[in-house]
Amino acid sequence: MTFENLLTAIENGILTITINRPDKLNALNKKTVQEIGMAVKNGEADNNVKAIILTGAGQKSFVAGADITEFVGLTVEQGKQLAKAGQDVFRSIETCSKPVVAAVNGFALGGGCELSMACHLRIASENAKFGQPEVNLGLIAGYGGTQRLIQYIGKTKAIELHMTGDLINAEQALQLGLVNYVVPQEQLILKCTELLDKIKGKAPKAITGVINSVNAYFYSDGFDAEIEEFGKCFATDDFKEGTNAFIEKRKAEFAGR
Ligand code: COA
């Protein structure tokens, strides 16, 4: 499937989705948000895809925010619809059954910071900058940012960043717990691949169980979800393979069933 604003490639079981509007610093217009939703959905359904990397084209920006030019003239209702559509797509990333890593290759501002936070893991290049500068435009974050930033860095710093619109650099993001790793830009995709290769070697159904249980901490009863997900593992071939491999002192080969 081809997209207007995305490039996609599958290599070694990893689908890389590149937001491709570099002349606009990969700002998210409505079309791009829709396409990201479709690309992730396709990746989730494709048996050849075991994991997903989301990144931006160029060396300057992951995503510099929602496309501000599309905000002009919106009514209250249209503003709400825009936020709802964005939140739905970002939620579909967060609940994707396969691991999704944001390779943050520069500015991750507004909707870009929100998009990175919807991913399960974030690896930043040294030049990355994060922030929720919507207050400078008379706005607030609308794609889940007021909620997810708290989840990662706590209310104290999250409310400060939302209120001031201040940007933080990659090192600060690492210290605050917003990103998993910071690497030189030329190593960004390599680091994402290494991390995903490690995760890909584990039982896929168990990885989905981790995603569902961790998400449930924030959105429902996490302990109940963990009981459900733990129980479900016992019906999988991967569980049989994992335990047999341990007993037989060999490396497990998981089929993802
Ligand atoms: N929406 C629409 N267009 C955007 C954009 C956005 N969020 N962010 C950048 N662009 C466009 C610029 O308008 C410019 O387009 P042009 O060349 O047609 O004029 C192009 O991308 C390059 O951006 P520019 O501002 O010239 O780059 P810079 O290096 O001087 O500044 C930023 C980079 C990120 C600091 C600056 O672009 C910026 O502040 N962007 C908006 C960030 C923001 O508020 N995001 C939250 C939106 S809710």
Side-chain angles (χ1 to χ4, degrees), residues 3-7 17-37 54-91 93-94 102-119 122-153 157-173 176 178-179 182 184-185 188:
F3 297 101
E4 190 177 308
N5 298 322
L6 306 179
L7 302 171
I17 302 170
T18 305
I19 298 155
N20 191 32
R21 299 183 77 211
D23 53 328
K24 297 292 173 196
L25 302 185
N26 304 319
L28 296 178
N29 57 8
K30 277 200 257 181
K31 178 86 181 167
T32 308
V33 172
Q34 280 168 5
E35 288 190 343
I36 292 169
L54 206 52
T55 193
Q59 301 203 321
K60 187 171 172 183
S61 181
F62 172 69
V63 167
D67 191 322
I68 297 167
T69 61
E70 288 189 344
F71 290 163
V72 179
L74 293 190
T75 64
V76 168
E77 269 321 304
Q78 288 167 330
K80 284 189 193 177
Q81 282 164 13
L82 188 72
K84 174 83 171 75
Q87 284 197 14
D88 285 350
V89 168
F90 286 18
R91 187 97 175 97
I93 298 170
E94 184 171 52
V104 182
N105 56 310
F107 290 116
L109 307 182
C113 187
E114 293 171 292
L115 178 62
S116 78
M117 292 192 292
C119 298
R122 279 153 300 288
I123 301 183
S125 58
E126 288 168 345
N127 67 327
K129 285 214 162 48
F130 294 81
Q132 299 286 166
E134 289 88 347
V135 284
N136 295 324
L137 304 168
L139 286 170
I140 68 166
Y143 293 171
T146 62
Q147 305 304 296
R148 290 199 181 95
L149 193 57
I150 297 171
Q151 296 172 3
Y152 292 112
I153 71 172
K157 289 307 281 186
I159 202 162
E160 180 188 333
L161 291 184
H162 278 292
M163 283 180 163
T164 61
D166 282 351
L167 308 190
I168 56 171
N169 63 29
E171 209 45 53
Q172 290 168 308
L176 287 169
L178 183 56
V179 301
V182 176
Q185 185 147 54
L188 182 60

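Start at 1 and go down the list; that is how both ligands and their atoms are numbered.
Within the listing of ligand 1, atoms 1 (N), 2 (C) sit less than 4.0 angstrom from a heavy atom of D67. Those atoms of ligand 1 that come under 4.0 Å of a heavy atom in E134, given as number and element, are 48 (S).
Contact detail for L25 and S61: the closest heavy-atom pair is O-OG, 2.8 Å. Across all non-hydrogen atoms, the minimal contact from G142 to A83 is O-CB, 3.4 Å. Listed here is the closest heavy atom pair of N127 and N105: ND2-O, 3.8 Å. Summarising the geometry of L178 relative to R122, their closest heavy-atom pair is O-NE, 2.7 Å, with the distance given to 0.1 Å. Here the closest heavy-atom approach between residue V135 and residue T164 is recorded as CG2-C, 4.2 Å. Taking both residues in full, the closest heavy atoms of F62 and A103 are given as CD1-O, 3.5 Å, listed atom of the first, atom of the second, then distance.
With sequence neighbours left out, the ring pair (Phe, Tyr, Trp, His ring centres under 6.0 Å) criterion links Y143 to F90.
Of all protein heavy atoms, the one closest to atom 35 (C) of ligand 1 is F107 CZ, 4.2 Å. Nearest protein heavy-atom contact of atom 3 (N) of ligand 1 is A27 CB, 4.2 Å. Scanning all protein heavy atoms for the shortest distance to atom 42 (C) of ligand 1 gives A64 O, 3.3 Å. For atom 14 (C) of ligand 1, the closest non-hydrogen atom on the protein side is D23 O, 4.3 Å. Nearest protein heavy-atom neighbour of atom 36 (C) of ligand 1: L25 CD1, 4.6 Å.
Between A66, G65, A141, it is A66 that holds the heavy atom closest to atom 6 (C) of ligand 1.
Within a 4.0 Å radius of atom 39 (O) of ligand 1, the protein contributes no non-hydrogen atoms. Protein heavy atoms all stay at least 4.0 Å away from atom 19 (O) of ligand 1. Shown here, atom 30 (O) of ligand 1 is out of close reach of the protein: none of its heavy atoms lies under 4.0 Å off. Within a 4.0 Å radius of atom 16 (P) of ligand 1, the protein contributes one or more non-hydrogen atoms. Contact annotation for atom 26 (O) of ligand 1: protein absent (non-hydrogen atoms, distance under 4.0 Å). Distance check for atom 45 (N) of ligand 1: a protein heavy atom is found below 4.0 Å.
Contact annotation: K60 has at least one heavy atom less than 4.0 Å from an atom of ligand 1. At least one heavy atom of P133 sits closer than 4.0 Å to an atom of ligand 1.
A salt bridge does not link K30 with D67: none of the charged nitrogens is closer than 4.0 Å to a carboxylate oxygen.
Applying the salt bridge (charged side-chain N to carboxylate O under 4.0 Å, His left out) definition to pairs two or more places apart or across chains, those involving residues 129-153 are E94-R148.
Ligand 1 has no nitrogen or oxygen under 3.5 angstrom from a nitrogen or oxygen of T69. When only interatomic distances are considered, the shortest N/O to N/O separation between K24 and ligand 1 falls below 3.5 Å. Polar contact with ligand 1: absent for L109 (N/O pair, distance under 3.5 Å). Ligand 1 has a nitrogen or oxygen under 3.5 angstrom from a nitrogen or oxygen of I68.
Tested against N5 for a side-chain contact (heavy atoms from CB on, under 4.5 Å), the candidates T32, I19, T18 yield a single pass: T32.
The side-chain heavy atoms of L6 and N20, taken from C-beta on, include no pair separated by under 4.5 Å. In this structure, the side chains of I123 and V179 stay at 4.5 Å or more apart for every pair of heavy atoms.
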